[in-house]
Amino acid sequence: MHASQPPLLGPKYCTALDLGISLTFRFQFVLCKTTRDLPGFLTRPFANRVLHHHEALPICDLLDRDGTPLGVLLGYGMDQNGTRLEDAYSLDFSAQDTDAVEKFETWITWMAGRFLVLTDVPAADNDQGRSRRIYPDPAGSLGAVYDPQSGIVASTPLLCLDRDIDPDPGCRPPDELLSNKGLAALLPEFDPQVPVGGYGFGTTIDRHLRRLMANRWVDLDTFTERRFWAPDPEMPDLSPADAADQIVTVMQSMMQAFCTIGPGYFAISGGHDSRMLLACAPDLSATEMELYCYATNWIGTLDVRVSEALAATLDQPMLGQIAEAGPKGSFITNRNAAMRTRQRFALGSGLSHLGDQWWQRGYARQLRQGDIWLRGNFLEIITARVWPRHALTPQDELMHALSNTRVALGNEADVAQKLGLFDAWRQSFPMDETRHLHDLTYLDLTLAPAQGAFYGFSSHTYIAPGNNRRIYQLAMQVPWVARKHGELYDAIMTRANPALNRVPLVGMITYRARKLGVPAREYLEQKIAALA
């Protein structure tokens, strides 16, 4: 590292807190102009910069059909033919094609998984220029932030900043993080009048730092940002059965690809999303993937019980994880170890928070470290979960959508300013709002801002196998009211594995037990017994 080069904040904070850099920033990357001292990271030239990537983060070279380098894929991706990318991958076009950039972008659009693609392609006008961009996965789940001032691109803010944080005026970290012993001494002052909550519309903890939004690319030379994907607003409606036929085929190919990566855990629950993926999974007996469920509260114990019934239906073993003291117990009894776990999560997640209860109470530490962790996230569009339950006025409809983005909301002036940002977003591309407003709000604005926190789960490689634009688009072709009534979900389960559809959902169990005035666990056991 050059003597005059300021250190990145992440390693600087790790040194101050006596935390290991490699473990804190596992699975992360930094793209910058010069080599940085990052233990546990590998380096390689990319375009006109140096790419640092953690040794645990896979990288795949992307080549044209003649072997010419076009870019790299970081993370875990699957192409539209169901092929998981490893080591090197050849695309079926030439870098010399006048439309090479467009062909590359089309290919990226239908990639699935958890990844980032960095491109370095000859410009279409053949003037010796290059098209250097970074593209996110469909949900922005392998997050990226960039600083237009320094030119640094990285996974999370503390690996992107080589200067002090300049607090964003629209949001601040949670109070429990700002008051944490150790962290508080490192962080700048944040205005206590600024609302606490999630960042949105590409903003971050630092006013100059930007988060790459889902469905957009960023030019690595100019740092301009452009949309590259939006569903056709005039696409025809599909019946639940017709959409399910196509969605199940896509899900089956994804589950085949990601269940066979290597040893890991497939986290299932008593809800909808992971069950659809489980219904589309290959025979897990032939893989190294283990079914897994955990409980950090009372309702989670019902999830574990339903997951046991799902596993039994498939004749598969399952690991149900509950602390010895009960669902509110902890696997960490040493207070110093608990504090260090929280601090490591805070740094690794870019100061998002101190980790959820699963993380803070040491559940992750009881699992095999470094394994894959499959989750059923990002499939809420299939059940239209983010759509309002009742008819709303136009203004309330906008507030419902804005609230679903999880952006921090303060006083009236702050809400008005963020409603303006929201309005500018929805006017920036063609959209049939009556059909897709809340679907696209969820995809564009809700998912990516929160994804930085998933880097904090640095013990395991988090992947959501349902993260696929083809799935999202097919689901959006089913009218949202039918999806809200569970018709698409039922059609998918009927098509993929009807036996799993018979196992009760935790939400339905608790609702009906409350109506009947009986204990939910007792009612659940009756329903599970009836499956025999």
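On a predicted model such as this, the values are computed, not experimentally measured, just so you know.
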Open item on the list: Tell me if a side-chain donor or acceptor on D303 pairs with a main-chain N or O of G270 at a distance below 3.5 Å.
Closed with: yes

Open item on the list: Donor-acceptor pair, distance only, cut-off 3.5 Å: does the side chain of T341 make one with the backbone of A337?
Closed with: yes

Open item on the list: I'd like to know if R44 pairs up with D61 as an ion pair, taking the criterion as any Lys NZ or Arg NE/NH1/NH2 lying under 4.0 Å from an Asp or Glu carboxylate oxygen.
Closed with: yes

Task: Any donor-acceptor N/O pair, Q343 side chain to K181 backbone, under 3.5 Å - done: yes

Open item on the list: Do S285 and Q316 pair up side chain to side chain, a donor and an acceptor below 3.5 Å, judged on atom types alone?
Closed with: yes

TODO: For D283, look at atom CG and say whether over 12 heavy atoms of other residues, nucleotides or ligands are found less than 6.0 Å away.
DONE: yes

Task: Between H53 and F27, ring centroids under 6.0 Å - done: no

- [ ] On the 0 to 90° scale, with breaks at 30° and 60°, tag the H460-W358 ring pair as parallel, tilted or perpendicular.
- [x] tilted

Task: Heavy-atom check, side chain of L8 versus side chain of I152, under 4.5 Å - done: yes

Task: Check: S274 side chain, S269 main-chain N or O, donor-acceptor pair, under 3.5 Å - done: yes

Task: D221 with R130: basic N within carboxylate O range, under 4.0 Å - done: no

TODO: Consider only side-chain N and O atoms of D162 and Q5, and report whether a donor and an acceptor are under 3.5 Å apart.
DONE: no

Open item on the list: Around atom CG of D315, are there more than 12 heavy atoms from other residues, nucleotides or ligands closer than 6.0 Å?
Closed with: no

TODO: Quick one: sort the Y294 and W373 rings into parallel, tilted or perpendicular, breaks at 30° and 60°.
DONE: tilted

TODO: Tell me yes or no: between the side chains of N215 and R469, is some donor less than 3.5 Å from an acceptor?
DONE: yes

Open item on the list: For I381, is there any backbone N or O sitting under 3.5 Å from a side-chain donor or acceptor partner on R483?
Closed with: yes

Open item on the list: For the backbone of R368 and the side chain of Y265, can you confirm whether one donor and one acceptor N or O come within less than 3.5 Å of each other?
Closed with: yes

Task: Any side-chain donor near an acceptor of the partner, Y472 and N467, under 3.5 Å - done: yes

Open item on the list: Check this for me: does any side-chain nitrogen of one of E225 and R211 sit under 4.0 Å from a carboxylate oxygen of the other?
Closed with: no

Open item on the list: Using a strict threshold of under 4.0 Å (side-chain N to carboxylate O), is an ion pair present between E86 and R84?
Closed with: yes

Open item on the list: Looking at R114 and P465, would you say the former's side chain and the latter's main chain have a donor-acceptor pair under 3.5 Å?
Closed with: no

TODO: Mark yes or no for whether D64, through its side chain, and A95, through its backbone, hold a donor-acceptor pair below 3.5 Å.
DONE: yes

TODO: Please check if the side chain of R49 supplies one atom and the backbone of L220 the other of a donor-acceptor pair under 3.5 Å.
DONE: yes

Task: Whether Y489 and H272 hold their rings parallel, tilted or perpendicular, with breakpoints at 30° and 60° - done: perpendicular

Open item on the list: Can you confirm whether the side chains of Y135 and R133 place a donor and an acceptor under 3.5 Å from each other?
Closed with: yes

Pairs under 3.5 angstrom only: tabulate donor-acceptor contacts from the side chains of residues 71-81 to other protein residues two or more places apart or in another chain.
from	atom 1	to	atom 2	distance (Å)
D79	OD1	N81	N	2.9
D79	OD1	G82	N	3.1
D79	OD1	T83	N	2.9
D79	OD2	Y89	OH	2.6

Task: NZ/K103: more than 12 non-hydrogen atoms of other groups inside 6.0 Å - done: yes

TODO: Identify the two heavy atoms, one from F29 and one from S155, that lie closest to each other, and give their separation to 0.1 Å.
DONE: N-OG, 2.8 Å

TODO: I would like to know whether T156 and Q28 meet side-chain hydrogen bond (donor to acceptor under 3.5 Å, both in side chains); could you show each step before the answer?
DONE: CA-CA 8 Å; T156 50; Q28 301 201 30; 2.6 Å; yes

- [ ] Indicate yes or no: does R132 engage D120 in a salt bridge with an N to O separation below 4.0 Å.
- [x] yes

